[in-house]
A.B. asks: 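This is the structure I have questions about; it appears just below.
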Amino acid sequence: MTTTLKSLLRGRSELGVGALLLLLGVLVLTDALTLDADVTGRGPVGPATVPLVVGCGLLIVAVLLTVDVLRGGRGEAESGEDVDLTEPADWRTVLLLAGVFLAFAVLIGPLGFPVAGALLFWGAAYALGSRHLHRDPLIAAGLSLLTYAVFDKLLGVPLPGGPLMGVI
């Protein structure tokens with residue numbers, strides 16, 4: 001890398017964010033334009049409409065951010081409102097949450113969304129510090145069943161029911 005390019009990029013890490021947004025926008029637009037959707041069956045607003053809008057928005061934000069950074073604009077440093085930046089990260093919580101999400105991904109097929117979702121909600125609450133061992137599982141089960149009902153029954157987005165398929 002030449003010294004002029006290094007001096008141009010020094011202190012402008014936001015250009016990396018602009019490049020990432022540009023790449024993401026191109027990826028979203030490429031996927032949206034390759035969707036196989038029957039326009040006559042769905043009308044003018046089909047499954048590609050929202051990804052096209054999001055992809056264009058990502059490209060616009062990427063260009064505006066890049067232009068702003070090249071003109072000397074800088075983002076404000078994080079002040080860490082209620083976070084003590086001198087404290088180390090809480091890796092126990094991060095690993096517990098990662099384990100809960102991984103367990104959800106593994107269990108949603110055999111157990112279905114209602115059971116796996118309840119375990120996800122309860123596990124996330126536990127990982128984030130809630131220790132109400134009698135109340136949390138009940139709230140998690142209620143949230144999971146409500147989420148399942150809204151998506152599967154009201155919105156028509158099929159979620160795996162698992163062993164409870166005939167019951168709910």
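Residues take their numbers from the sequence shown, with the count starting at 1.
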A.B. asks: State, to 0.1 Å, how close P114 and P160 come at their nearest heavy-atom pair, and which atoms those are.
C.D. replies: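 P114 and P160 have their closest heavy atoms at CD-O, 3.7 Å.
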
A.B. asks: First locate atom CG of L159, then atom CD1 of I108, and finally report the distance between them rounded to the nearest 0.5 Å.
C.D. replies: 6.5 Å

A.B. asks: How far does CZ of F151 sit from CG of L146, to the nearest 0.5 angstrom?
C.D. replies: 10.0 Å

A.B. asks: What's the shortest heavy-atom distance between Y126 and R131, and which atoms?
C.D. replies: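 What the structure gives for the nearest pair is O-NH1, 2.5 Å.
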
A.B. asks: Which ILVMFWY residues are connected to I60, directly or by a chain of links, through side-chain heavy atoms under 4.5 Å apart?
C.D. replies: L64

A.B. asks: Among the clusters formed by ILVMFWY side chains lying less than 4.5 Å apart, do V54 and L20 turn up in the same one?
C.D. replies: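 Different clusters: V54 never reaches L20 through Ile, Leu, Val, Met, Phe, Trp or Tyr contacts under 4.5 Å.
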
A.B. asks: Any side-chain heavy atom of D31 sitting closer than 4.5 Å to one from P51?
C.D. replies: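 Not touching, per the 4.5 Å side-chain cut-off.
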
A.B. asks: Report the distance from atom CD1 of I139 to atom CH2 of W122, rounding to the nearest 0.5 Å.
C.D. replies: 13.5 Å

A.B. asks: Atom CG in L21, atom CD in E14: separation rounded to 0.5 Å?
C.D. replies: 12.0 Å

A.B. asks: Please answer: with hydrophobic residues joined when any side-chain heavy atoms are less than 4.5 Å apart, are V63 and L23 in the same cluster?
C.D. replies: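 Result: no, two separate clusters.
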
A.B. asks: With sequence neighbours excluded, what pairs up with L120 under the side-chain contact (heavy atoms from CB on, under 4.5 Å) test?
C.D. replies: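 For L120, the residues satisfying side-chain contact (heavy atoms from CB on, under 4.5 Å) (neighbours in sequence not counted) are V100, F101, F104.
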
A.B. asks: D90: what forms a side-chain hydrogen bond (donor to acceptor under 3.5 Å, both in side chains) with it, not counting sequence neighbours?
C.D. replies: T93

A.B. asks: CG/L58 to CG/L65 distance, rounded to the nearest 0.5 angstrom?
C.D. replies: 12.0 Å

A.B. asks: Show the nearest heavy-atom pair for residues G18 and A62, with the distance to one decimal.
C.D. replies: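 That closest heavy-atom pairing would be O-CB, 3.4 Å.
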
A.B. asks: May I ask you to list the residues sharing a hydrophobic cluster with L29, side-chain cutoff 4.5 Å, ordered by chain and number?
C.D. replies: L22, V26, L33, L52, L59

A.B. asks: Check the pair L97, L128 against side chain to side chain contact (heavy atoms under 4.5 Å, CB included), reporting the backbone distance first and the verdict last.
C.D. replies: CA-CA 8 Å; L97 282 173; L128 293 172; 3.8 Å; yes

A.B. asks: About how many Å separate CG of L138 and NE2 of H132, when rounded to the nearest 0.5 Å?
C.D. replies: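 Nearest 0.5 Å value for the NE2-CG distance: 13.0 Å.
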
A.B. asks: Using the side-chain hydrogen bond (donor to acceptor under 3.5 Å, both in side chains) criterion, which residues pair with S130? Sequence neighbours excluded.
C.D. replies: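 Applying side-chain hydrogen bond (donor to acceptor under 3.5 Å, both in side chains) to S130 gives D136.
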
A.B. asks: Test of understanding: clusters of I, L, V, M, F, W, Y form through side-chain heavy atoms closer than 4.5 Å, transitively. Do Y148 and L154 belong to the same one?
C.D. replies: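 Same hydrophobic cluster.
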
A.B. asks: How does the hydrophobic cluster around W91 look, that is, which other residues are in it when side-chain heavy atoms under 4.5 Å mark a link?
C.D. replies: V94

A.B. asks: Indicate if V115 and V106 have the same hydrophobic cluster label, given that clusters are the connected sets of ILVMFWY residues with side-chain heavy-atom separations under 4.5 angstrom.
C.D. replies: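 No, because V115 and V106 fall into different hydrophobic clusters, even though each may have its own neighbours under 4.5 Å.
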
A.B. asks: Kindly give the heavy-atom pair with the smallest separation between A118 and A140, and that separation in Å.
C.D. replies: O-CB, 3.3 Å

